[in-house]
Amino acid sequence: MATINGKDIHKLVVACDAGMGSSVMLASTLRKQLGKTGVTVEHTPVNSIPADADVVVCHSGLAARARSVAPGKPIVPFQIFLGDPAVTRVVKAIQQGTDLNV
């Protein structure tokens, strides 16, 4: 299990299969939640995760693919797009500057 501190997260990437549907919705929600933190939130297809991402959030069905595309990056898999506890943990870690175990 890897750990990253919330204050070390400057770029959060939401990855989905095509990068145009569900990731757009979740990225928009996260931008609102993290607006005052200075964290950049982007959405992308899982096969195009940028190298400068500090943490990647994606559906659990895409987590293995995300790990192969972005080896060494913290990957946070979730089950549901809105209100998932895994995503809530990421937001809290960033807002509070606490450790996020992934």
Side-chain angles (χ1 to χ4, degrees):
M1 183 174 285
T3 301
I4 186 169
N5 190 281
K7 61 185 170 221
D8 296 327
I9 298 173
H10 304 287
K11 184 172 186 177
L12 183 150
V13 174
V14 181
C16 71
D17 206 22
M20 296 305 296
S22 51
S23 66
V24 173
M25 177 179 60
L26 181 55
S28 175
T29 300
L30 289 172
R31 271 188 213 101
K32 290 175 189 169
Q33 292 175 337
L34 299 173
K36 295 179 181 179
T37 65
V39 172
T40 300
V41 179
E42 296 182 0
H43 59 89
T44 184
V46 72
N47 291 335
S48 301
I49 297 169
D52 63 344
D54 294 311
V55 67
V56 178
V57 176
C58 67
H59 190 271
S60 59
L62 299 172
R65 213 157 92 195
R67 286 186 184 98
S68 70
V69 171
K73 298 287 181 189
I75 307 294
V76 179
F78 62 86
Q79 295 292 321
I80 54 175
F81 284 93
L82 296 176
D84 192 285
V87 176
T88 302
R89 279 192 353 234
V90 174
V91 170
K92 284 185 180 179
I94 292 170
Q95 290 173 335
Q96 298 171 359
T98 56
D99 285 345
L100 174 66
N101 298 311
V102 292

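One is the number of the first residue; the rest follow in order along the sequence. Only a predicted model underlies this, so the values are computations on that prediction, with no experimental measurement involved.
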For residues [X] and [Y], determine if any side-chain heavy atom of one lies less than 4.5 Å from a side-chain heavy atom of the other.
X	Y	value
L100	V76	yes
Q33	L30	yes
H10	T40	no

Show the nearest heavy-atom pair for residues [X] and [Y], with the distance to one decimal.
X	Y	answer
I75	C58	CG2-SG, 3.9 Å
L34	Q95	CD2-CG, 4.2 Å
D84	I80	OD2-N, 3.0 Å
M25	L82	SD-CD1, 4.3 Å
P50	T44	CD-CG2, 4.2 Å

Between side-chain atoms of residues 61-74 and protein atoms elsewhere (two or more places apart, or another chain), which donor-acceptor pairs fall under 3.5 Å?
residue : atom : partner : partner atom : Å
R65     : NE   : N47     : OD1          : 3.3
R65     : NH1  : D17     : OD1          : 3.4
R65     : NH2  : D17     : OD1          : 2.6
S68     : OG   : R65     : O            : 2.8
K73     : NZ   : A51     : O            : 2.7
K73     : NZ   : A53     : O            : 2.9

Find the distance between CG (L26) and CZ (R31) and round it off to the nearest 0.5 Å.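 One finds 10.0 Å between CG of L26 and CZ of R31.
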Give a yes or no on this: more than 12 heavy atoms of other residues, nucleotides or ligands lie within 6.0 Å of atom NZ of K92.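 No, because the 6.0 Å sphere around NZ of K92 holds 12 heavy atoms or fewer from other groups.
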Can you name the one residue among D8, T37, N5 that meets side-chain contact (heavy atoms from CB on, under 4.5 Å) with I94?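 The passing option is T37.
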Not counting sequence neighbours, which residues clear side chain to side chain donor-acceptor pair (under 3.5 Å) with D54? List them please.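 Partners of D54 under the side chain to side chain donor-acceptor pair (under 3.5 Å) test: none.
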Should the pair H59 and F81 be assigned to parallel (<30°), tilted (30 to 60°) or perpendicular (>60°) ring geometry?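 Judged by the thresholds at 30° and 60°, the geometry between H59 and F81 is parallel.
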